4 protein chains.
Amino acid sequence: MAKPRPKTVKRRAAGAKRKRTSQGEPRREAILAAALEEFSARGFATARLDDVARRAGVAKGTIYLYFRDKETLFQELVRAELSPVVKALEAAPMTDLPMRVVAERLIELFVREIFATRRKDVIRLILTEGPRFPAIAEFYYREVVAHVVTVIRRLAQRAIERGELTNDSLVRFPQLLGAPGIVAIIWSGLFDRWAKLDAEAFMRAYLDLIFGKGRAP
Amino acid sequence: MAKPRPKTVKRRAAGAKRKRTSQGEPRREAILAAALEEFSARGFATARLDDVARRAGVAKGTIYLYFRDKETLFQELVRAELSPVVKALEAAPMTDLPMRVVAERLIELFVREIFATRRKDVIRLILTEGPRFPAIAEFYYREVVAHVVTVIRRLAQRAIERGELTNDSLVRFPQLLGAPGIVAIIWSGLFDRWAKLDAEAFMRAYLDLIFGKGRAP
Amino acid sequence: MAKPRPKTVKRRAAGAKRKRTSQGEPRREAILAAALEEFSARGFATARLDDVARRAGVAKGTIYLYFRDKETLFQELVRAELSPVVKALEAAPMTDLPMRVVAERLIELFVREIFATRRKDVIRLILTEGPRFPAIAEFYYREVVAHVVTVIRRLAQRAIERGELTNDSLVRFPQLLGAPGIVAIIWSGLFDRWAKLDAEAFMRAYLDLIFGKGRAP
Amino acid sequence: MAKPRPKTVKRRAAGAKRKRTSQGEPRREAILAAALEEFSARGFATARLDDVARRAGVAKGTIYLYFRDKETLFQELVRAELSPVVKALEAAPMTDLPMRVVAERLIELFVREIFATRRKDVIRLILTEGPRFPAIAEFYYREVVAHVVTVIRRLAQRAIERGELTNDSLVRFPQLLGAPGIVAIIWSGLFDRWAKLDAEAFMRAYLDLIFGKGRAP
DNA sequence: GATGAATGAGGGTTCATTCAT
DNA sequence: TATGAATGAACCCTCATTCAT
């Protein structure tokens, strides 16, 4: 009974390892970063907390000091990475610029803040794991997608009023504007090996397609 | 009796041969159908072969008579479901109809043959599991995506020549034409709970957007 | 992903081990017997299913073919071992013999069917683990203790009517008759190392004490 | 300041010394009290030191300043709670009162000092955990049980000499006198939920049974 | 071919114990 | 002294895979 650890055995023979101990370093952040790597690379179900711990430079048990369980780690990972986006969306100023200009800025924003960062992987994780994590899908829908849809719809409405757009497709389906962004993310994870896709050029070409080439700026 | 096959003999390496019982190998089909259900519902890693077997009405061991292992089952599932599509693509006739008309037929085809069928789930599986199954991603890329891209590029080229399109976006990025289809599939798996998306209307609105409303038939 | 077992590695290099395969042999029984041993020796919480499996000559996973989990194994163990006792109790014939005679037969029965068998350990397990397993305590109370109490009360009642007993202590507290049996079981598990207790003599001395020495047959 | 004790020095082996803060080492007491609660409620193996610490209002590490490990805590807990009993036993005066009277006083003592106090739980812990803690079983046997047995044997001897008892059962098995006390403790932990047992009445009825009702006082 | 009982590696989670502060 | 974050061994349970029948 109670064989918790041989009492006579010295642990960690030498004071070697123990990499990161700069007190200021937030273990939680390290774990989240490592989890994102592992979940992205192997998927939620297949990722091993052992690997997350190793990558974060902590012991396996340490993860449980910060997260109730694997699923919670995943959910908090998504929330943590997305919350700046959520905040930015809520603070999004309504401009009076032409829609095409706004759209181009959105592309820049998307590339800089999402596509070129770890957030791209978070989005991909949501797309791939979301069906098994309704809570995450809902969070993403309510906090991100719904906002974006609303904003785009309003933009499209005004663009029509101003004559920048000649039909109401984007009002009825604002998702259309974001479609290339989603596809770019998916493509990059699936097919870049065989055919790399220049996401920014891809999305700009899309604007050319729907607004007409060079009509803007 | 019993015909106890010498114990040291390697069983047929499985996967290879096949094709005997005239009317379509009902067991194999049942397993594939069951596997699609389970993989779609739970993802590859989380799906249990036990459930696949139960759903298919066979014993667990039977699966291994037809497929080397879980991964092979998955790969053959994708191939089996996609091969008609592949064949259709290869036989796709090049028409001289206006691009918008062709695009509308593609939408109909997509809705009827993909979106309204189990193939939608196969596509979704490829999108979500592909990153962990390069073989599948590659197969899908080479046999489906590349063909579609080529076809669309050719269509776009001609459309430009005929003045139906005024810029080369679709030539440079034929993926743009398929983007809404992809997004529709993803949306349906993620967000339909909160906001159902009418895939066909969605894609038609897209054509309105890029070709101009009602300009075509 | 899916690293279920290296495909090329041959398992169980030699067809050695595989002890018990005499088809007729009930795995379930072997597991229950092994579980009783392990639970008795180490207590429920500390017993390792690994050891149960090893002792039963089966693989760890096999246990789960027969029992949902560790706790279920424990509960079914208790039920399985006690059910003959329960049946015997229900079929217990009411005799007209003097109470002392009946009590002596009960002692013989107790020694032969409980104390000299694995059931002694089951009773001990109930006494020690019961507080943490209300379901087991209740089962034992309802199916065994309550019956025994009822039977003894009836016996005591009649003994009073016949003048074999001169007070109603055993009617009010039939448990008194069984107390030495319980104490014998506890003692044997705790103190036999330092002072062995002859359970049968112990209980017979008890009858001498309450009925008077040698007054009965 | 900080007085950072040279890192290589072995901390006081813990357990030994102790005894300084005048008014009874409140921390140590708090830990022992908390430990008794937790061990009683969940058993040794299942109790968590985390909970003990929380209940005692100290940090987890603090426990280790007072006790080498979980097992030592348990053993010292038993010793601490029992030592007053041990002392009382050693000082037990030999009276010349009739045995029944003495027995009744023992019952009162048992009820007041054991059954109505936390010591009941300590006894129960010994009974349930003893088999896995030979050191505790032995301590309890030597310091408590053996003494009690000796005392009762002497009492019984004299009772026979005086004609208060007509047979030697209690001389040969003094444990018989304590049996109902043990059973009362066990019953209260197991079956009180379904059938509460009045321990004092139970033990008094026992005296009625073996000495004859009302013959005493 | 077909079955499904059996296997056992793998991984999530817990918790006694340590130690830097 | 006291703290509590960190550690990592241990253990329950799952499930892909095998194989005797």
Side-chain angles (χ1 to χ4, degrees), chain A residues 2-7 9-12 15 17-18 21 23 27 45-53 58-66 68-71 73, chain B residues 2-5 7 11-12 21 27 45-53 58-66 68-71 73, chain C residues 2-7 9-12 15 18 21 23 27 45-51 53 58-71, chain D residues 2-5 7 11-12 21 27 45-53 58-66 68-71 73:
Chain A
K3 205 185 299 168
R5 176 179 306 162
K7 284 166 193 170
V9 171
K10 279 273 168 33
R11 297 211 288 133
R12 194 134 38 83
K17 213 176 13 179
R18 203 77 276 287
T21 320
Q23 48 96 290
R27 289 283 215 271
T46 324
R48 278 148 25 192
L49 289 189
D50 230 348
D51 292 335
V52 172
V58 303
K60 204 162 23 149
T62 303
I63 295 174
Y64 289 86
L65 295 179
Y66 297 92
R68 181 198 305 288
D69 56 18
K70 194 187 187 186
E71 188 169 334
L73 168 59
Chain B
K3 258 189 270 179
R5 212 181 326 92
K7 283 167 190 169
R11 298 166 168 243
R12 171 163 48 79
T21 43
R27 270 207 163 64
T46 320
R48 284 142 43 191
L49 289 189
D50 230 346
D51 292 335
V52 173
V58 303
K60 204 159 25 146
T62 304
I63 294 174
Y64 288 85
L65 296 178
Y66 294 93
R68 183 201 309 282
D69 55 21
K70 194 186 183 186
E71 189 169 333
L73 168 59
Chain C
K3 205 184 298 166
R5 177 178 305 161
K7 284 167 191 170
V9 171
K10 279 274 169 34
R11 298 211 288 132
R12 194 134 38 83
R18 203 75 274 289
T21 320
Q23 45 95 292
R27 288 284 215 271
T46 324
R48 281 149 22 195
L49 288 190
D50 229 347
D51 292 335
V58 303
K60 207 169 9 158
T62 304
I63 294 174
Y64 291 85
L65 295 178
Y66 296 94
F67 305 94
R68 180 198 307 284
D69 56 18
K70 195 187 185 186
E71 188 168 333
Chain D
K3 256 189 274 181
R5 213 181 325 93
K7 282 168 190 169
R11 302 167 166 241
R12 169 161 51 77
T21 44
R27 270 205 161 62
T46 321
R48 283 143 43 191
L49 289 189
D50 231 346
D51 292 334
V52 173
V58 303
K60 205 159 26 146
T62 305
I63 294 174
Y64 288 84
L65 297 177
Y66 295 94
R68 183 201 308 283
D69 56 19
K70 194 186 185 187
E71 189 169 335
L73 168 59

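Convention: sequence-line order gives letters A, B, ...; per-chain numbering from 1. Quick caveat: nothing in here was measured; it's all calculated off a predicted structure.
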Pairing pattern in dot-bracket form [Watson-Crick, G-U; both distances under 3.5 Å; | = partner strand] for DNA chain E = .||||||||||||||||||||
Would you kindly give the [atom1]-to-[atom2] distance between [X] and [N], to the nearest whole Å?
X: B:E71; N: F:dC15; atom1: CD; atom2: C1'; answer: 16 Å
X: D:L49; N: F:dA6; atom1: CG; atom2: P; answer: 20 Å
X: D:Y64; N: F:dA6; atom1: OH; atom2: P; answer: 18 Å
X: D:R48; N: F:dA10; atom1: CZ; atom2: P; answer: 21 Å
X: C:K70; N: F:dC12; atom1: NZ; atom2: P; answer: 4 Å
X: C:K60; N: F:dC15; atom1: NZ; atom2: P; answer: 15 Å
X: B:R68; N: F:dA16; atom1: CZ; atom2: P; answer: 17 Å
X: A:R27; N: F:dG4; atom1: CZ; atom2: P; answer: 17 Å

ask   = In Å, rounded to the nearest 0.5 Å, how long is the span from NZ of B:K60 to OG1 of B:T62?
value = 11.0 Å
task = Enter the distance from A:D50:CG to A:I63:CD1 here, rounded to the nearest 0.5 Å.
result =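 The CD1 atom of A:I63 is 8.0 Å from CG of A:D50, to the nearest 0.5 Å.
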message = Which is more 5' along DNA chain F, the nucleotide nearest D:G61 or the one nearest A:G61? Just name the residue.
response =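 First, find each residue's nearest nucleotide; the 5'-ward one identifies D:G61.
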query = Which residue, C:A47 or A:Y66, contacts DNA chain F at a nucleotide closer to its 5' end, judged by nearest heavy atom?
reply =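 It is A:Y66 whose nearest nucleotide is closer to the 5' end.
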At under 4.0 Å between heavy atoms, what does [X] touch on the DNA or RNA strands: base, sugar-phosphate, or nothing?
X: A:A53; value: nothing
X: C:F67; value: nothing
X: C:A45; value: nothing

message = Once salt bridge (charged side-chain N to carboxylate O under 4.0 Å, His left out) is applied, do any residues pair with A:D69, and if so which ones, sequence neighbours excluded?
response = none
inquiry  = So, using salt bridge (charged side-chain N to carboxylate O under 4.0 Å, His left out) as the criterion, who are the partners of D:R48 when residues are at least two apart?
reply    = D:D51
key: Position toward the 5' end of DNA chain E (nearest nucleotide), C:L65 or B:T62   =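 Between the two, 5'-proximity favours B:T62.
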note = Residue pair D:D50/C:I63 against DNA chain E: nearer the 5' end by closest nucleotide is C:I63
Heavy-atom pair of closest approach, residues D:A45 and C:A45 =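 Here D:A45 and C:A45 meet closest at CB-CB, 3.6 Å.
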request  = Would you indicate whether the side-chain heavy atoms of B:L73 and B:L49 approach each other to under 4.5 Å?
outcome  =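 They are in contact (side-chain heavy atoms under 4.5 Å apart), so the answer is yes.
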